[in-house]
Amino acid sequence: MHTKTLKALSDALSAGELSSQELTQHFLDRIKQHDPGVNSFITVTEEQALAQAKAADEQRAAGNATALTGVPIAHKDIFCTQGVKTSCASKMLDNFIAPYNATVVEKMNDAGIVTLGKTNMDEFAMGSSNETSFYGPVKNPWSTDHVPGGSSGGSAAAVAARLAPAATGTDTGGSIRQPASLCGITGLKPTYGRVSRWGMIAFASSLDQAGPMTQTAEDAALLMNAMAGFDPKDSTSTDIEVPDYTADLNQPLNGLRIGLPKQFFEDGLDAEVGKVVQEAIALYEKLGATLVDIELPNTHLSIPAYYVVAPAEASSNLSRFDGVRFGYRCKDPADLEDLYKRSRGEGFGEEVKRRIMIGTYALSAGYYDAYYLKAQKVRRLIKNDFDEAFKSVDVIMGPTSPNAGFKLGEKASDPVSMYLSDIYTISVNMAGLPGISIPAGLSNRLPVGLQIIGNYFDEARLLNVAHRYQQETDWHAQVPAAFA
Ligand code: GLN
């Protein structure tokens with residue numbers, strides 16, 4: 001049952017072959033049995049999940065079910081879930097019970113989806129390895145001494161180990177696509193503004209975007225139908241029509257123009273990863289696509305610019321966690337200043353503090369123009385590169401990450417080398433574009449992802465392009481042996 005896709009589970013529920021209660025119980029049992037070795041969940045909402053499953057079964061029996069009524073998923077612990085702990089994997093929010101649902105959660109509840117629990121992540125979504133969580137690192141199900149990627153590492157690992165059929169994630173600089181790549185699953189980061197950010201704890205507001213993490217592109221399309229759309233509560237969400245993302249999944253790829261950016265295949269790319277990606281691209285050629293060499297000349301500026309913009313916005317967003325307005329409060333403060341200092345000092349982890357320091361510095365009087373404003377100008381150059389490229393191509397392809405999963409602890413003391421693992425994903429966030437990572441092969445028995453980047457609001461095309469590949473290959477169906 002657990003190796004089935006969301007689509008297959010939805011069909012089985014519709015056919016009456018199984019009930020949501022059986023299905024939900026099965027995944028809850030799997031989490032109990034297997035999660036201690038993976039650590040992909042922070043909270044399992046067993047009672048609530050079974051109640052939702054019962055309601056879903058009743059809805060199906062009454063004949064008013066959606067395609068997703070009764071299928072269980074997990075939410076990254078960055079989404080507010082009413083009455084359920086929402087920690088962002090931080091000691092700061094270890095005792096925070098959200099009083100309301102994020103719009104994404106609300107929409108999924110409305111579609112009848114069952115929530116199994118909340119997944120582990122890097123603290124406040126800052127990281128690429130899921131090692132910065134207050135609740136301990138997540139293990140890659142393909143090899144438990146390797147990282148699953150981050151920051152949505154818990155969601156990726158849970159789906160890879162088939163502890164949940166799908167999960168939500170968020171992507172500020174690669175946090176859906178990079179862990180999807182490292183765990184061998186499909187992860188879509190939609191266009192900025194496509195999915196509501198309301199109730200999603202903010203890291204860098206101009207970059208954060210929620211998306212689905214699934215076994216297949218078809219499943220991602222199903223979830224996008226439930227997640228996407230304008231939200232009057234989020235002023236950055238866009239009021240344009242949401243297509244049926246499942247409608248165009250079988251379009252032929254004849255004539256599809258695929259751009260291959262030179263800068264995505266240069267030094268720094270692991271040779272094995274490069275080979276896997278080239279093979280995937282060759283398959284697209286067989287399916288009728290044409291390959292076009294393109295340039296994204298400002299790619300090398302994306303990481304330095306991101307590490308000004310993202311920490312600057314984070315330092316502002318995280319200022320509310322001070323032990324007074326929100327979050328952990330230290331014991332026995334001597335005075336107000338001591339309360340602020342110790343609450344923030346004790347409540348935040350090292351990486352979060354590093355980002356707050358960088359961001360506060362970059363925004364301080366006298367430095368704002370030199371750093372934040374300059375970084376925003378670089379950001380425009382990065383966007384211009386993509387605009388230029390999309391004049392001659394329909395999608396852009398390359399690796400999601402320069403390497404397959406690395407060992408736990410390997411980069412923990414070297415933040416710059418950690419930051420470099422997002423070299424191919426960050427520019428997509430800087431430009432606000434959609435991107436998807438799909439499993440394309442293995443390197444040393446660890447998964448490798450192919451990244452496909454699309455033009456603004458072109459998610460339907462991305463999903464079609466990804467789906468066609470998954471019709472021809474079975475990388476997306478492979479399950480790590482210990483979890484088969
Ligand atoms: N790894 C990047 C960072 O640490 C991106 C994180 C994310 O997308 N949330 O900031």
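On a predicted model such as this, the values are computed, not experimentally measured, just so you know. Both ligands and their constituent atoms are indexed starting at 1 by order of listing.
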Discussion item. When you compare ligand 1 with Tyr306, is there at least one nitrogen or oxygen pair between them that comes in under 3.5 angstrom?
Written reply: yes
Practice prompt. Any atoms of ligand 1 less than 4.0 Å from a non-hydrogen atom of Gly173? List them with their elements.
Written response: 5 (C), 7 (C), 8 (O)
Worksheet entry | Aromatic Phe41 / basic Lys118 pairing, under 6.0 angstrom, 45° off normal | no
Fill in: Subset of ligand 1 atoms that lie under 4.0 Å from at least one heavy atom of Ala125
6 (C), 7 (C), 9 (N)
Worksheet entry | Within reach of ligand 1, part of Ser175 (heavy-atom separation under 4.0 Å) | both
Discussion item. Donor-acceptor check, side chain of Arg325 to backbone of Ser319, threshold 3.5 angstrom: yes or no?
Written reply: yes
Item to complete: Using a strict cut-off of 4.0 Å, indicate which atoms of ligand 1 neighbour a heavy atom of Tyr307.
Response: 2 (C), 3 (C), 4 (O), 10 (O)
Worksheet item: Under the 6.0 Å and 45° cation-pi test, does Lys91 pair with Tyr328?
Response: yes
Worksheet item: Atoms of ligand 1 less than 4.0 Å from Phe203 heavy atoms?
Response: 9 (N), 10 (O)
Worksheet item: Is the backbone N or O of Cys330 less than 3.5 Å from a side-chain atom of Ser343, with the two atoms forming a donor-acceptor pair by type?
Response: yes
Fill in: Close N or O approach (Thr170, ligand 1; < 3.5 Å)
no
Discussion item. Please report whether the ring centroid of Tyr424 lies less than 6.0 Å from that of Phe264.
Written reply: yes
Item to complete: Look at atom 2 (C) of ligand 1 and say which protein heavy atom is nearest, naming residue and atom and giving the distance to 0.1 Å.
Response: Asp422 OD2, 3.1 Å
Worksheet item: Heavy-atom contact under 4.0 Å between Arg355 and ligand 1?
Response: yes
